[in-house]
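Computation of the quantities below employed the complete heavy-atom set of this structure, encompassing side-chain atoms and omitting hydrogens, waters and symmetry-equivalent molecules. In what follows, chains carry the letters A, B, and so on, assigned in the order in which the sequence lines appear, proteins first and then strands, with residues in each chain numbered from 1. It should be emphasised that the depicted structure is a prediction, and the values quoted were computed from it without experimental measurement.
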Amino acid sequence: MADGSATVAFRGNRVGAVATATERPAPTRILAPDGTVPDGSRPPLPVDELLAAFRLMLLSRRVDERASNLQRQGRLGTFSPVHGQEASVVGSARALDPVRDWVVPQYRELPAMLRHGYTLERFFLYFKGNPEGNRMPDGVKLLPYQISLATQLPHAVGLAWGLRHQGLDGVVCVYFGDGGSSEGDFHEACNLAGLRRAPVIFLLQNNGWAISTPVRKQTAAPSLASRAAGYGFPGELVDGDDFFAVYDATSRAVARARAGEGPTLIEARTYRMGPHNTADDPTRYVDPAELEVHRALDPLTRLRAFLEDSGVLQAEVEERMRTEIEQEVAGALAAAEAHPGPHPAQIFDHVYGEEPARLAAQRRALEDGL
Amino acid sequence: MPVLNMVEAIRATLAAEMTRDERIILLGQDIGRNGGMFRATEGLQQRFGEDRVVDMPLAEGVIVGSAVGLACSGLRPVPEIQFLGFASQAFHQLEGQVARMRFRSQGRFPIPVVIRAPFGGNVRTPEMHSDAHEAKYANSPGLKVVMPASARDAKGLLTEAIRGEDPVLFCEPLRGYRLIKDEVPEDDYATQFGRLRTVREGSDVTLVAWSAAVVVAEQAAELGAAEGISCQVVDLRTLVSLDAGGLGEAVARTGRAVVIHEAPLTAGFGAEVVATIVEEAFWSLTAPIARVAAPDTPYPISSLEALYVPSAERALRTIRRVMQAG
Ligand SMILES: Cc1ncc(C[n+]2csc(CCOP(=O)(O)OP(=O)(O)O)c2C)c(N)n1
């Protein structure tokens, strides 16, 4: 038995049961780390779609680099890079239909938000501390960033239930982490979603860490996906660094939800390659050897190898993408930096629809003082 | 004009609003067949169906949290929390999410959600069912806090809350559900927030209260009248929005003020009321302002609660003291 400590607490035949319960099941995988598809079957995606997904992953990686540098220069506030989780975010997001489906984000899913209609300019504004950055463009089916962990899960369930109540066929995909899965909101949200057969996908990105807390200190459960059984709906564990596996699992979850069959929990097992955020120093707690293991599983490298081997992607095509992305990022950053910034009295805007007299007086006092 | 008790007024208002607006749905524990712990939703599930009067699992966080999502989808949920004290199990959703979603989304997602919650003591409920937690919510910007003290206001304020665009915590006095009875107009009306109500005219001292404490204030005023003290009684009705101007004017008319509430003294909403009176009516004051509140202890088990919840007699002692002071 690998985990000797388990024998301390239990005696007799219980030891065997504990040993089984601590085995980590293997996630479903379609795309091998070397970019091959061992069993030959993968989701049938058109070339355009494959290239669009790859481009979005590339863009995400580039924004991470740019934003981290800008933060160091003091031009951007604290932000959390996606690095390492691109397949899990992009693979799930691209299985949704932005016209009718909703994304309920946490804070580490920029490419999913962009795919749904959020803009890079707003991303830069948000992380510059401008409230405009959290205003999702009209008509775009996205809730604001969520910072209070797991609170977005009940929102997603209510949203999904509300769509169904109104006869709409939209599906809600809500993102959260292994850390957030320990919150009570996770339990309450899953339980209600099962009861109401809400068209919601719980997209749990298990990236190994909640800041410095490893998953093994988060839960004794060997798999987070298996928790779904307790709520009466399916849970699926997939390789989160495998674009196809995530896309495939999400597509099936979307189809189920749309057909009125209710929620799905998807645990995308991935790895956070960067710091928790730009204020974090992971060298204090991440074992460099573990990082190297995961570097070899890189989701972007993996998809690139597949696309190159299949003749879909050539070096010139990627080069062109990189040039475009460079311009896109530069343009968005320039626009965000040219933004005049919020007016101080903007802190009073949108607190209420109908402003209490006392707040109106506070607004006037601030304006008079300016 | 029909005389209704408070729970009847609330039930009739919910039914009328649900008839008027299909987007309204009720959520809560035991609100369907059972009609709610206090029968506020009696008969509504039969009338509007299980999709609009929804029995929820025992989980306050998701009752409130799912209401946020339902509102984002375009509906107007009216969740019920069985007892205000248990709204603490949803405090992170109420204070952190319901109250701020409009602000955080820069107006993209208004949250027209009305959370109904009975509260208050002296009804011999089991432990932890009686807390008057209104101040915590009044200190949560983005929420409005509404506390009717009459059946007529329960209808008008609930109508206003449901038709408005802002999230409202609508606190209903347990003790008043059946004891508070008054004439409720049959016509359609909404009572604007931020306008206090003068319950009783008086010239010596102004008693300020809300919800069930208004009844205590009225009883104290009666006792005072027997001793020749003329008490004015005002009902704040809504803590957010607070009628600061009306409060100042009321106190200026008598020069003395006593604030009565069920919550513990320290950091109770009475502190806010006293500060507001000082700001608005300092030069009219002829005596120090006094507060009649619960002591700074947790709410006790039932045999001790009569001592804990402010009574008319306790209020009268304070009124006498204030009269002697100035
Ligand atoms: C309710 C709550 N508690 C604590 C925090 C502070 N915090 C921010 S991120 C984080 C770890 C989150 O880990 P996880 O849910 O796995 O998501 P990840 O950051 O790994 O994507 C913590 C503890 C918070 N934002 N919200």
Side-chain angles (χ1 to χ4, degrees), chain A residues 102 104 131-138 140 142-148 150-166 168 170 172 174 183-185 187-196 198 200 346-361, chain B residues 22-23 25 27 51-52 54-75 77 89-90 92-93 96-97 99-112 141-144 160 164-167 192-195 238 240-245 276:
Chain A
W102 286 76
V104 178
E132 295 297 330
N134 217 6
R135 190 188 203 290
M136 301 304 138
D138 286 333
V140 168
L142 256 175
L143 293 196
Y145 289 98
Q146 188 52 263
I147 303 301
S148 182
T151 59
Q152 75 274 23
L153 299 170
H155 305 171
V157 176
L159 178 56
W161 164 14
L163 297 175
R164 205 160 123 87
H165 179 93
Q166 294 168 84
L168 301 167
V172 179
V174 57
E183 289 280 1
D185 273 341
H187 166 67
E188 294 192 20
C190 286
N191 187 50
L192 181 65
L195 273 168
R196 302 228 54 96
V200 59
Q346 212 171 317
I347 60 164
F348 294 103
D349 292 347
H350 310 298
V351 180
Y352 294 96
E354 206 179 314
E355 192 169 65
R358 191 171 239 197
L359 193 61
Chain B
E22 282 218 321
R23 296 171 301 170
I25 67 172
L27 326 173
D51 286 344
R52 291 188 67 200
V54 184
D55 284 307
M56 292 289 277
L58 206 168
E60 290 75 14
V62 84
I63 290 175
V64 174
S66 66
V68 171
L70 286 162
C72 291
S73 84
L75 297 175
Q89 264 82 337
H92 66 305
Q93 286 288 351
Q97 304 297 319
R100 300 178 201 216
M101 182 59 98
R102 172 190 280 270
F103 180 73
R104 297 190 62 245
S105 70
Q106 289 288 293
R108 169 84 198 273
F109 296 108
I111 304 295
L143 267 187
K144 288 179 175 169
E160 175 79 2
E165 293 304 317
D166 293 315
Q192 231 190 319
F193 295 169
R195 298 259 189 286
T238 58
V240 181
S241 313
L242 180 66
D243 186 358
T276 303

Checking Asn191(A) against chain B: side chain, backbone, both or neither under 4.5 Å from a heavy atom?
-> side chain
Based on non-hydrogen pairs under 4.5 Å, which of Gln93(B), Arg52(B), Met101(B), Arg100(B) is most in contact with chain A?
-> Gln93(B)
Name the member of Gly245(B), Gly142(B), Pro167(B), Ala59(B) that forms the most heavy-atom pairs with chain A at distances under 4.5 Å.
-> Gly142(B)
Not counting sequence neighbours, which residues clear side chain to side chain contact (heavy atoms under 4.5 Å, CB included) with Arg164(A)? List them please.
-> Arg197(A), Pro199(A)
Go through the atoms of Val54(B) and report whether side chain, backbone, both or neither lie under 4.5 Å from a heavy atom of chain A.
-> side chain
What part of Glu354(A) gets closer than 4.5 Å to chain B, counting heavy atoms only: side chain, backbone, both or neither?
-> both
Checking side chain to side chain contact (heavy atoms under 4.5 Å, CB included) for the pair Met56(B)/Leu192(A): CA distance, chi angles, key distance, verdict?
-> CA-CA 8 Å; Met56(B) 292 289 277; Leu192(A) 181 65; 3.8 Å; yes
Who among Gly184(A), Pro131(A), Ser148(A) has the most heavy-atom pairs with chain B under 4.5 Å?
-> Pro131(A)
Measure distances from Leu143(A) to the heavy atoms of chain B and classify the residue's part below 4.5 Å as side chain, backbone, both or neither.
-> both
Answer key: most heavy-atom pairs under 4.5 Å with chain B among Ala193(A), Gly170(A), Ala357(A), Pro356(A) is Pro356(A)
When every non-hydrogen atom of Arg135(A) is compared with those of Gln106(B), the smallest separation belongs to NE-O, 3.2 Å
Heavy-atom distance under 4.5 Å to chain A: side chain of Asp51(B), backbone, both or neither?
-> both
Should we count CD of Glu22(B) as having more than 12 external heavy atoms under 6.0 Å?
-> no
Provide the full list of side chain to side chain donor-acceptor pair (under 3.5 Å) pairs with a residue in residues 54-70 of chain B, sequence neighbours left out, each pair given once.
-> Gln29(B)-Glu60(B), Gln45(B)-Asp55(B)
Return yes if some donor-acceptor pair links the side-chain N/O of Tyr352(A) with the main-chain N/O of Leu143(B) below 3.5 Å, else return no.
-> yes
Using the side chain to side chain contact (heavy atoms under 4.5 Å, CB included) rule, take Ser73(B) and Gln166(A) through it: C-alpha gap first, then chi angles, then the decisive distance, then the call.
-> CA-CA 9 Å; Ser73(B) 84; Gln166(A) 294 168 84; 3.1 Å; yes
Where the side chain of Arg108(B) meets the backbone of Asn134(A), is there a donor-acceptor pair that is under 3.5 Å apart?
-> no
Of all heavy-atom pairs between Trp102(A) and Cys72(B), which one has the smallest distance, and what is that distance?
-> CH2-O, 4.4 Å
Closest contact, heavy atoms only, Pro154(A) versus Val62(B) | CB-CG2, 3.7 Å
Find the one option among Asp243(B), Thr238(B), Thr276(B) whose heavy-atom pairs under 4.5 Å with chain A are most numerous.
-> Thr276(B)
If only atom types and distance count, is the side chain of Glu188(A) paired as donor or acceptor with the main-chain N or O of Gly61(B) below 3.5 Å?
-> yes
For Leu195(A) and Pro57(B), work out which heavy atoms get closest and say how close.
-> CD1-CG, 3.6 Å
Work out which heavy atom in Pro144(A) is nearest to a heavy atom in Arg104(B); give both atom names and the distance.
-> CB-NH1, 4.3 Å
Euclidean distance, Leu242(B) CG relative to Leu359(A) CG, rounded to 0.5 Å | 12.5 Å
Kindly say whether Gly353(A) contributes a backbone atom to a donor-acceptor pair with the side chain of Glu165(B) at under 3.5 angstrom?
-> no
Side chain / backbone / both / neither for Leu27(B) at chain A, heavy atoms under 4.5 Å = side chain
